[in-house]
Amino acid sequence: MFKFPDQTVGIVAIQGDYEKHRHAVEACGASARYVKVPEDLEGCGRVIIPGGESTTVGQLMQRFGLADALIEKVAAGLPVWGTCMGMIMMAKDIESRPDQFSLGILDVSVRRNAFGPQVHSFEAPVKVNGLPKPIMAVFIRAPIVTRVGPGVNVIAEVEGQVIAVRQGNLLGTSFHPELTDDRHMHQWFLSI
Ligand code: GLN
């Protein structure tokens, strides 16, 4: 397995499953730091925004000043990966929710809770471009990507829907790799 000893990964720890990401990052040999306020970002070589509840986290990220700090650092090249709620937070547009705050750093439109209210959660094997073999992807009230901008590459689909994208140093996935023991997505993000 690769080792990433020189990396500190900031994990946005306002609400959601940030602990699981910490375990995954540490299992890859990198160090993790919880991030709530702009000062926490100092020294972080990359940032993960976990799954959770996007309305709550959006409001608190603004209140804590973390939203502006992240937008600024992304413009300077900081790699950021959002899983599920994290991808919603990164998106430029949230379908049918024009008033909901998002960082607007990833040039996509997303639709929240897109797999139907009756299917809150499911697993599916997914082939992600860039990974050596399919991974088991866990979807929990997951969003889909409904529009991709010109600089955005689709890297995975399920049921004909876009569920993972990459735009330069930015990665968005509808699913939760932190909830399985497969560390390939984390290793890949650490190598970006
Ligand atoms: N449904 C949540 C939202 O729209 C996201 C769910 C998740 O992150 N697992 O904010």
Side-chain angles (χ1 to χ4, degrees), residues 1-4 7 9-12 16-18 20-30 32 45-52 54 74 77-92 94-95 102-103 105-116 119-192:
M1 190 168 78
F2 297 120
K3 284 285 170 193
F4 301 94
Q7 307 225 14
V9 181
I11 301 174
V12 174
D17 75 334
Y18 46 85
K20 300 279 189 198
H21 272 295
R22 176 172 213 139
H23 293 150
V25 162
E26 289 176 349
C28 293
R46 54 200 71 227
V47 166
I48 293 175
I49 310 176
S54 56
V74 164
L78 180 76
V80 178
W81 173 22
T83 58
C84 200
M85 172 275 276
M87 181 172 75
I88 298 169
M89 284 309 315
M90 291 169 74
K92 195 159 262 176
I94 304 173
E95 257 190 22
S102 62
L103 297 166
I105 51 181
L106 186 61
D107 188 12
V108 298
S109 303
V110 294
R111 184 182 304 153
R112 292 177 60 190
N113 306 323
F115 288 98
V119 188
H120 283 177
S121 159
F122 64 99
E123 292 183 20
V126 164
K127 173 79 186 87
V128 180
N129 291 350
L131 293 188
K133 58 185 173 101
I135 57 170
M136 191 49 83
V138 179
F139 297 83
I140 303 170
R141 293 172 55 74
I144 55 168
V145 175
T146 54
R147 177 194 65 86
V148 295
V152 179
N153 290 318
V154 172
I155 55 170
E157 295 184 40
V158 75
E159 295 175 6
Q161 309 288 359
V162 175
I163 47 131
V165 291
R166 178 174 179 180
Q167 174 191 317
N169 287 344
L170 305 177
L171 201 57
T173 56
S174 299
F175 52 95
H176 292 268
E178 73 283 8
L179 295 183
T180 68
D181 291 333
D182 188 326
R183 302 296 176 222
H184 282 97
M185 275 305 290
H186 283 82
Q187 288 173 347
W188 188 48
F189 177 64
L190 288 168
S191 71
I192 287 178

Does Arg111 pair with Glu95 as a salt bridge, N-O distance under 4.0 Å? yes
Euclidean distance, Ser54 OG relative to Met90 CE, rounded to 0.5 Å: 14.0 Å
Non-hydrogen atoms of Asn169 and Leu78 that approach each other most closely: CB-O, 4.3 Å
Side chains of Met87 and Val145 in contact at under 4.5 Å (non-hydrogen atoms): yes
Within a radius of less than 6.0 Å around NZ of Lys127, do more than 12 heavy atoms belonging to other residues, nucleotides or ligands occur? yes
When rounded to the nearest 0.5 Å, the distance separating CE of Met185 from NE2 of His176 is 12.5 Å
Would you indicate whether the side-chain heavy atoms of Thr180 and Ile135 approach each other to under 4.5 Å? no
Do the ring planes of His186 and His21 sit parallel (below 30°), tilted (30 to 60°) or perpendicular (above 60°)? tilted
Rounding to 0.5 Å, atoms CZ (Arg166) and CG (Asn129) come to a distance of 11.0 Å
Closest non-hydrogen atom pair, Val9 against Ala30: CG2-CB, 4.3 Å
Nearest 0.5 Å please: distance from the OG1 atom of Thr173 over to the CZ atom of Phe139. 9.0 Å
Closest approach of Ala27 to Arg183 (non-hydrogen atoms, all atoms of both residues): CB-NE, 3.9 Å
Any chance you could measure His23, atom NE2, to Asp17, atom CG, to the nearest 0.5 Å? 11.0 Å
Can you confirm whether Tyr18 sits close enough to Ile48 that some side-chain heavy atom of one is under 4.5 Å from a side-chain heavy atom of the other? no
Parallel, tilted or perpendicular: rings of Phe115 and Phe122 (30°, 60°): perpendicular
What is the distance from atom CD1 of Ile192 to atom CZ of Arg46, rounded to the nearest 0.5 Å? 7.0 Å
Note, Asp182 side chain near Met136 side chain (heavy atom, < 4.5 Å): no
Are Ser174 and Val162 close enough that some pair of their side-chain heavy atoms sits under 4.5 Å apart? no
Evaluate Ile140 against Leu179 for side chain to side chain contact (heavy atoms under 4.5 Å, CB included), listing each step before the verdict. CA-CA 11 Å; Ile140 303 170; Leu179 295 183; 3.6 Å; yes
Less than 4.5 Å apart, any side-chain heavy atom of Val158 and any of Phe175? no
What are the two closest heavy atoms between Ile88 and Ser102, and how far apart are they? O-CB, 3.7 Å
How far apart are the C-alpha atoms of Leu171 and Ile155, what are their side-chain angles, what is the distance that settles it, and do they pass the side chain to side chain contact (heavy atoms under 4.5 Å, CB included) test? CA-CA 9 Å; Leu171 201 57; Ile155 55 170; 3.7 Å; yes
How about Pro177 and Thr83: do any of their side-chain heavy atoms sit closer than 4.5 Å? yes
Which atom names give the shortest non-hydrogen contact between Gly45 and Pro79, and what distance separates them? O-CD, 3.3 Å
Report yes if some heavy atom in the side chain of Arg147 is under 4.5 Å from a heavy atom in the side chain of Asp107; otherwise report no. yes
Over all atoms of both residues, closest heavy-atom pair of Pro132 and His184: CG-CD2, 4.0 Å
